[in-house]
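Notes for the one structure printed next.
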Amino acid sequence: MFELPLADLAARLRDRQVSSEELTRLFLGRIARLGAGLNAFITVDEEKALAAARAADARLARGEGAPLTGIPVAHKDLFCAKGWRTTCGSRMLADFVSPYDAHVVEQFDRAGAVLVGKTNMDEFAMGSSNENSHFGPVRNPWDPARVPGGSSGGSAAAVAARLVPAATGTDTGGSIRQPASHTGTSGIRPTYGAVSRYGMVAFASSLDQGGAFGQGARGLALMLNVMAGFDERDSTSVDRPKEDYTRDLDRPLEGVRVGLPKEYFTADLSPDVAACVSAAVRELERQGARTVEVSLPNQALAVPVYYVIAPAEASSNLSRFDGVRYGHRAANYADLADMYRKSRAEGFGAEVQRRILVGTYVLSHGYYDAYYLQAQRVRRLIARDFTEAFKACDVIAGPAAPSVAFPIGEKSDDPVQMYLEDLYTISVNLAGLPGLSVPCGFGAGGMPVGLQLIGDYFGEARMLNVAHRYQQATDWHRRLPPGAA
Amino acid sequence: MLSLDEVRRIADLARIEVPPEGLAALQQQLNAIFGLVEQMRAVDTAGVEPMAHAVDMSQRLREDRVTESDRHAEFQFIAPQVEDGLYLVPKVIE
Amino acid sequence: MSGAWEVVIGLETHAQLSTASKIFSGASTAFGAAPNTQACAVDIALPGVLPVLNRAAVERAIRLGLAVGGRIAPRSVFARKNYFYPDLPKGYQISQYEAPVVTGGEIAIVVDGAEKRVRLTRAHLEEDAGKSLHEDFHGMTGIDLNRAGTPLLEIVSEPDMRSAREAVAYAKALHSLVRWIGVCDGNMQEGSFRCDANVSVRPAGSATLGTRCEIKNLNSFRFLEKAIEHEQRRQVALIEDGGTVVQETRLWDPQKGETRPMRSKEDAHDYRYFPDPDLLPLEISPAWIGEVQASLPELPAAMRARFVAAHGLSPVDAATLTGSRALAGYFEAVVAEVGGEARTCANWVLGELSALLNRLEVEADASPVPPEALAGLVKRVLDGTVSGKTAKEIFEAMAAGEGGADAIIDRRGLRQISDAGAIEAIVAEVLAANAKLVEDYRAGREKAFNALVGQVMKASRGKANPAQANAILKKKLG
């Protein structure tokens, strides 16, 4: 039963063919058996999970179940969950037990989902390989010698290996779509402002957005139905009516205009990935979609702009980790300034420190205009490119990552090479658009490849429609990694 | 390109201790990142409004109501050092 | 100090806005709670929390902006000011930098009878930091974050003041204004109103500004005056000794009566301001500005002018009466009750009443003698029921809670004797009993007349109408 997609599990729970407790025990068992090898989880709490499962069963018995009631889920370990350790993959917060719930966590709790654990991640969501975790790298279920992508690598690996049917993630520069692509899972990053950031530990506030991993588009839609919606505690939460993201799933694709940015299909893209993505586009065409070439002229500037804006915001967001009110405090120090310096040097890993330093520099006196302000201006140019492109198409299609998952250690000494992993995902964050990745085949080494779809603002339902119709005709998303059966 | 002095200065601003033997490697990594960033600086952006937010909205305002109650015991349970309800830090000299 | 130097002063004033909850969180702003009991998740900057702006804080900023004749920005921006300090939980203070909510405006001050206008640069919204408690916790400092996130309006003046007294007059006028329009309670002991002074000196007649020092956190008018005077002397002495002033932040030490450099601010700061990505631009519509404008009370300057024009008060009295909204309101209530005679009313309010309020250290709205009661007494003076002197005695009795003027007059039998027959009888008695004085008067000693008046007043137990007693005595003495 573990291999069933979310919607099917939900149907069985509703029909009382299986109890939430049974289902939760099933997945806890899989976590116990396969989880350690993948290092996908930082915290698993059987007791809390089973208690929640029993509460869900009681609710289902009363006939008060919602679509996710009783479904085991995992949250990326940067969503604060009351009473749960929330580490952000960092030594800084290794012992931080959150005294409050993130909005997303509340929403899943309210829906009756069963939280089984918190997933591993690149420290403070900074990374594209999940090697930057204080708790060790996550391994790709398709090949344990390779990375699962990042930063939501734990959630991606957990869903890929069917350790949970669904998991949350966050996507600041591709941190859902790129690991989804690398692990053969489906992952969605909604429009900025669709999902409240309250309780989601900030990396880069103007780019961060919570999202979800599942097997297929229908599961993602069901999760978005729970996660998305206005929250007055987040000033950037968009106040608009609740929508049913499943509403358009089955719509035929006839007449849908799929934009293919010419800047995405260049020499930067590995041929194996290009082949899979092209085949996927042909499938969409076969179903009646019309492809149009579009252009995103400033595409090449997205990574440079991102590595000014994201570190700038991060350098400020991470200043609260000072060893005063919570988190790591160095054992030995000479004075206050020394306490700060040592606590932060010990608490943060190398990549986080690098980004804090880059951010500090670009905001500092004399560099602000040339770096930060200039990056914000180019950011607008990048966003305008999409506005133009969406005049000619309904969704944009392309790769989610330039190549398949690479071996652990291959890029960890070369930050710049690592940054280029997010070549095709980052501009979506800069513009604030929604994007998703669905499995579309296997490339070099038999590793999964993802098809990225980008929607217009609040165009999630249309994106999910295209993804779902694609998945109706393909079975890439149902394939299991070798060790997972 | 950042000099070693600049690396030291920003590390100090960011309150991150960098051991002297790590400075040169850090400088090299940071400069590689600024090398990547460099191409953005040449773009002509005259007349382009900086984009600070991903949404084009204005600030929502909350009503002036006290909604929070005392939770200091819970909050201080996770604090490194507290006494009499206060967070303790190494002596601050004004 | 040498007369060849001119001091140039600008003030940055932090007024705590009178809101119930904090600027970005729902925690209470009430003063005096046990440490950290009013510091919520947002205030202590737990990971993942976010700020949401308090409407009342913005409303108060608009009020102040309109009251000083400033411009309310249709769109202003919140920025982060980044620095590490243990009482700053996020490692940055949310403030406004490039686009403040209010720009321009002015405050009128009167020094030595001359009016002067101090221009304002800007006023911006920001959050307060917590408090460091330096008493010894085994050599450590204690941090209380109750104050963190309290809404502040930082009001920045141009360097328009030329003496410590002008600076104090400006601070007092601003203090009076913020209370007048109800945006700040003005409680300086509790830190609700505090000033930083930027002080520089230059040779008299020079057009360029000298290097300035900023004196932080002056929380009384007296400290403000003393600190500026000291700083002025220090800078002049330094320059005259061949030294140069170094731009720095200094603290006033009230015990030693001097300023000293602030050690925590020694390293040159690079605050790395940038727009706060968690807060969107603040937009203020013309309609909202109109609503606030309509809700503003008559401002002190307008009221002052009206008191002079309509009531014939002197500018000085009008200025004193409009020193606080409570006092001005009291005065207006007395005049309304009396039905005119504003100058007499003003004399009573500025005289007996103000003395009483000072003695009790209360505001006019907490006076034990309410305006209606004072008006009752003024009426009795005006209609001749009691003399001015007796009225002062009655006022004291009213202050002591003995009831209204009429009741006290009746109970104590203080009604003035204005009946000519009764006074004539008393005069006759006095003349008969004081033959020596009558003789002296007739011998040309004027002093004897005054003594006789005194005797008449004494015999009437002070109640004889003094003017009448005088006239009758004169007539009888021929």
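All values reported here derive from a predicted model rather than from experimental measurement. In what follows, chains carry the letters A, B, and so on, assigned in the order in which the sequence lines appear, proteins first and then strands, with residues in each chain numbered from 1. The analysis underlying the following values was restricted to heavy atoms, covering all of them including side chains, and did not include hydrogens, waters or symmetry mates.
The nearest pair of heavy atoms linking A/Leu357 to B/Ala11 is CD2-CA, 3.5 Å. The minimum heavy-atom distance linking B/Tyr87 with A/Val324 is given by the pair CD2-O, 3.7 Å. The shortest heavy-atom contact between B/Ala54 and A/Tyr457 is O-CE2, 4.4 Å. Of all non-hydrogen atoms in B/Pro50 and A/Arg380, the two that sit nearest each other are O-NH2, 3.2 Å. Minimum interatomic distance between A/Pro99 and B/Glu74 (heavy atoms only, all atoms of both residues): O-OE2, 3.8 Å. Across every non-hydrogen atom of A/Leu336 and B/Pro90, the tightest pair is N-CB, 3.6 Å.
Looking at A/Ala431, only its backbone comes within 4.5 Å of chain B, counting heavy atoms on both sides. Only the backbone of A/Asp234 comes within contact range of chain B, judged by heavy atoms closer than 4.5 Å. With a 4.5 Å cut-off on non-hydrogen atoms, A/Asp338 touches chain B through its side chain but not through its backbone. Only the side chain of A/Tyr367 comes within less than 4.5 Å of a heavy atom in chain B; its backbone stays farther off. Proximity to chain B is absent for every atom of A/Tyr306, based on heavy atoms less than 4.5 angstrom apart. At a 4.5 Å heavy-atom cutoff, the contact between A/Ala375 and chain B is made by backbone and side-chain atoms alike. In this structure, chain B has a heavy atom under 4.5 Å from the side chain of A/Leu420, while its backbone stays farther away.
B/Met57 contributes atom CE, which lies 6.5 Å from atom OG1 of A/Thr236 (distance to the nearest 0.5 angstrom). Taken to the nearest 0.5 Å, the CD1 atom of A/Ile309 stands 8.0 Å off from the CE atom of B/Met40. To the nearest 0.5 Å, atoms CG (A/Leu93) and CD1 (B/Ile78) are separated by 9.0 Å. We find the CZ-CZ distance between A/Arg233 and B/Arg62 to be 13.5 Å, quoted to the nearest 0.5 Å. To the nearest 0.5 Å, the span separating CD1 on B/Ile16 from NZ on A/Lys342 amounts to 14.0 Å.
Contact count versus chain B (heavy atoms, under 4.5 Å) is highest, among A/Tyr361, A/Phe348, A/Tyr307, for A/Tyr361. The candidate from B/Val43, B/Val89, B/Leu88 with the greatest count of non-hydrogen atom pairs under 4.5 Å with chain A is B/Val43. The candidate from B/Ala32, B/Pro19, B/Gly35, B/Ala52 with the greatest count of non-hydrogen atom pairs under 4.5 Å with chain A is B/Ala52. Chain B forms the most heavy-atom pairs under 4.5 Å with one residue out of A/Gly327, A/Ser364, A/Gly359, and that residue is A/Ser364. Note: A/Gln374 leads A/Gln353, A/Gln374, A/Arg355 in heavy-atom pairs under 4.5 Å with chain B. Taking B/His53, B/Gln29, B/Lys91, B/Gln76 one by one and counting their heavy-atom pairs under 4.5 Å with chain A, the maximum is reached by B/Gln29. Top candidate by heavy-atom pairs under 4.5 Å with chain B, chosen from A/Ala350, A/Ala337, A/Ala345, A/Gly432, is A/Ala345.
Atom CD of A/Glu232 is surrounded by 12 or fewer heavy atoms from other residues, nucleotides or ligands within 6.0 Å. The number of heavy atoms from other shown groups lying within 6.0 Å of CD (B/Gln28) does not exceed 12. Enclosure of atom CG in A/Asp335 by more than 12 non-hydrogen atoms of other residues, nucleotides or ligands within 6.0 angstrom is indicated. In the displayed structure, A/Arg240 atom CZ is contacted under 6.0 Å by more than 12 heavy atoms of other residues, nucleotides or ligands.
Considering only heavy atoms from C-beta on, A/Leu301 comes within 4.5 Å of B/Gln39 through its side chain. Counting heavy atoms from C-beta on, the side chains of B/Leu26 and A/Arg354 come closer than 4.5 Å. For the pair B/Glu49 and A/Arg377, the minimum side-chain heavy-atom distance is 4.5 Å or more. Between B/Asp12 and A/Arg341, some side-chain heavy-atom pair lies under the 4.5 Å cut-off. Residues A/Pro304 and B/Glu38 are not in side-chain contact: their nearest non-hydrogen atoms beyond the backbone lie 4.5 Å or more apart. You'll find the side chain of A/Val97 stays beyond 4.5 Å of the side chain of B/Phe77, heavy atoms only. Inter-residue side-chain proximity for A/Tyr333 and B/Glu17 is flagged as unmet; no heavy-atom pair is nearer than 4.5 Å.
Taking the centre and axis of the six-membered ring of A/Tyr371, the NZ or CZ atom of B/Arg41 falls inside the cone set by 45° and 6.0 Å.
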